[in-house]
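In this text the structure is predicted, and so the values were computed from the model without any measurement.
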Amino acid sequence: FFSSRRRHTRSLCDWSSDVCSSDLARQVLDSRRSAAPMGGRNRLQGLRVLGVEDAATNRLVLESILTDEGARLVCMEDGLSAIDLLTSQGRDAFDVVLTDISMPGIDGYETCRRIRMISKTLPVYALTAHALPGDRERCLAAGMDGFITKPIDLEALVQALLPYANPALRTTTNPPHRNTLPPTVMRPTAQSPQLVDWDRLARELPGGEAFLFRLAEMAADTQGNVPSLLREAVAARDYDAVRRLAHDLVGLAGAFRVTPLVELAKSVQASARASTPQSLALAVTLADSADELFNQLRSRLELFADSQGLA
């Protein structure tokens, strides 16, 4: 980083509990969780963050990182909803804004320009999977203070936000404890190379197995149909739909740190934006790769359920 759709205003802590409402998730997260909190360092204690992110998996990752560090997050799904919230609550309701760049409706650049009509001083950072040459200048031109690349790195995010955290001026109430399940031993099925490094994810993201279960379950439930939708878009030669679905898969693959899939989805997104025939062939490959990722996520969920005696 550098320094220099739907309208609702619930906290992601409230929202993320909804995605765990299945019977299996309730058993895992309620009856099997440990009483010991995760060891977040609370370096962002009391920081009030407005997030703007259309991908559900990225919202959950952002919520996990920020609440574990003591910040308070309100996350909106699109730029217009964020602008409405900021207009109604005022500039002083938040200390910093984190906004995705590629979103339905107005993009992150336009979101920032409209924020600047409300406040000239509220810090705004872009969350982007691109970080290409010229992105820095576009961010600055839109009035942003910097950008943070996806997949989101915990330390990079914390270091970017630390200058805006001032616990002495805010409540000292501790954030809700994040609970984790007892360690479990899982052996992945060896039929296909594993796309997700689960051990790495457990090290990098707060919340342990409980959080990874939530993330995998939500991804499978909310985006499991993206590969079939992508094939339908290819058959219809709908370049705009191909681009949008590839964008969704950039966020999904980034949440699980599947770098080759991230790069493939970026290539499809870029070539579909230019309406090149190559994008349609690449999109079919992307759909096949995404199918494999979803199959592995579902297998992981089954293994997790078996390990907890919940099958």
Side-chain angles (χ1 to χ4, degrees), residues 1-9 11-12 43-44 46-55 58-59 61-63 65-66 69 71-166 169-170 243-244 247-248 250-251 254 266 269-270 273:
F1 64 90
F2 67 89
S3 296
S4 202
R5 290 171 233 181
R6 277 76 52 191
R7 301 173 183 245
H8 58 77
T9 59
S11 162
L12 253 288
R43 291 173 291 178
L44 303 178
L47 185 71
R48 302 160 303 172
V49 181
L50 172 59
V52 193
E53 170 63 68
D54 65 307
N58 287 336
R59 291 197 301 269
V61 170
L62 194 61
E63 180 255 338
I65 292 174
L66 291 176
E69 289 289 348
R72 288 179 286 174
L73 172 69
V74 174
C75 203
M76 312 305 292
E77 296 180 25
D78 59 77
L80 290 176
S81 296
I83 297 301
D84 287 350
L85 180 64
L86 197 57
T87 300
S88 64
Q89 296 199 7
R91 179 260 181 267
D92 292 335
F94 299 99
D95 302 301
V96 64
V97 177
L98 301 176
T99 180
D100 188 19
I101 292 297
S102 299
M103 297 182 290
I106 64 173
D107 62 18
Y109 300 118
E110 180 61 22
T111 297
C112 182
R113 282 189 284 268
R114 297 192 187 191
I115 288 174
R116 287 291 167 250
M117 297 175 67
I118 300 170
S119 170
K120 301 294 186 185
T121 59
L122 180 62
V124 179
Y125 279 75
L127 298 173
T128 176
H130 302 290
L132 298 173
D135 282 352
R136 181 182 187 277
E137 289 70 23
R138 290 193 68 187
C139 287
L140 287 174
M144 294 183 183
D145 296 87
F147 68 75
I148 299 165
T149 57
K150 297 179 184 176
I152 298 171
D153 177 79
L154 186 151
E155 285 304 315
L157 179 62
V158 169
Q159 292 304 314
L161 298 183
L162 269 178
Y164 311 110
N166 191 344
L169 299 181
R170 303 184 187 98
R243 179 189 57 77
R244 287 186 284 103
H247 168 69
D248 291 344
V250 170
K266 285 183 183 179
Q269 189 177 6
R273 185 176 290 111

List the atom of Leu122, the atom of Asp145, and the distance in Å for their closest heavy-atom pair. O-OD1, 4.0 Å
So, the side chain of Asp95 versus the backbone of Arg48: is there a donor-acceptor pair under 3.5 Å, distance only? yes
Check side-chain contact (heavy atoms from CB on, under 4.5 Å) between Thr121 and all other residues, then give those that pass, not counting sequence neighbours. Arg91, Ser119
Taking all heavy atoms of Leu73 and all of Gly51, pick out the closest pair and write down the distance. CD1-N, 3.8 Å
Any chance you could measure Met103, atom CE, to Glu110, atom CD, to the nearest 0.5 Å? 10.0 Å
Between OG on residue Ser102 and CZ on residue Arg273, distance to nearest 0.5 Å: 6.0 Å
Gap separating the OG1 atom of Thr111 from the CG atom of Leu50, nearest 0.5 angstrom: 10.0 Å
Those residues that, when tested against Arg138, pass side-chain contact (heavy atoms from CB on, under 4.5 Å) (two or more places apart): Tyr109
Heavy-atom side-chain proximity of Ile106 to Arg113 below 4.5 angstrom: no
Do Phe147 and Ile101 have side chains that approach each other closer than 4.5 Å (heavy atoms only, starting at C-beta)? no
Answer whether the closest heavy-atom distance between the side chains of Leu80 and Arg114 falls below 4.5 Å. yes
Hey, could you give me the CD1/CG distance between Ile118 and Leu86, rounded to the nearest 0.5 Å? 4.5 Å
Side chain to side chain donor-acceptor pair (under 3.5 Å) against Asn58, all qualifying residues, sequence neighbours excluded: none
Out of the candidates Val124, Ile152, Val49, only one should pair with Leu98 under the side chain to side chain contact (heavy atoms under 4.5 Å, CB included) rule; please name it. Val49
Non-hydrogen side-chain atoms of Lys150 and Asp100 separated by less than 4.5 Å: yes
Donor-acceptor pair, side chain of Arg59 and main chain of Asp54, under 3.5 angstrom: yes
Any heavy-atom pair between the side chains of Thr99 and Ile115 that's under 4.5 Å? no
Measure across Gly108 and Met144 and return the closest heavy-atom pair with its distance rounded to 0.1 Å. O-CE, 3.3 Å
Using every non-hydrogen atom in the two residues, find where Ala82 and Met76 come nearest and quote the distance to one decimal. CA-CG, 3.9 Å
Strictly distance-based, threshold 3.5 Å: is any side-chain N or O of Asp153 a donor or acceptor partner for the main-chain N or O of Ala156? yes
Locate the shortest heavy-atom distance separating Tyr125 from Val96; write the atom from each residue and the value. CD1-CG2, 4.2 Å
Enter the distance from Leu157:CG to Leu44:CG here, rounded to the nearest 0.5 Å. 7.0 Å
Taking all non-hydrogen atoms of both residues into account, name the closest pair between Cys139 and Ala126 and its distance. SG-CB, 4.0 Å
With Leu154 via side-chain contact (heavy atoms from CB on, under 4.5 Å) - residues at least two apart: Arg43, Ile65, Glu69, Val158, Pro206
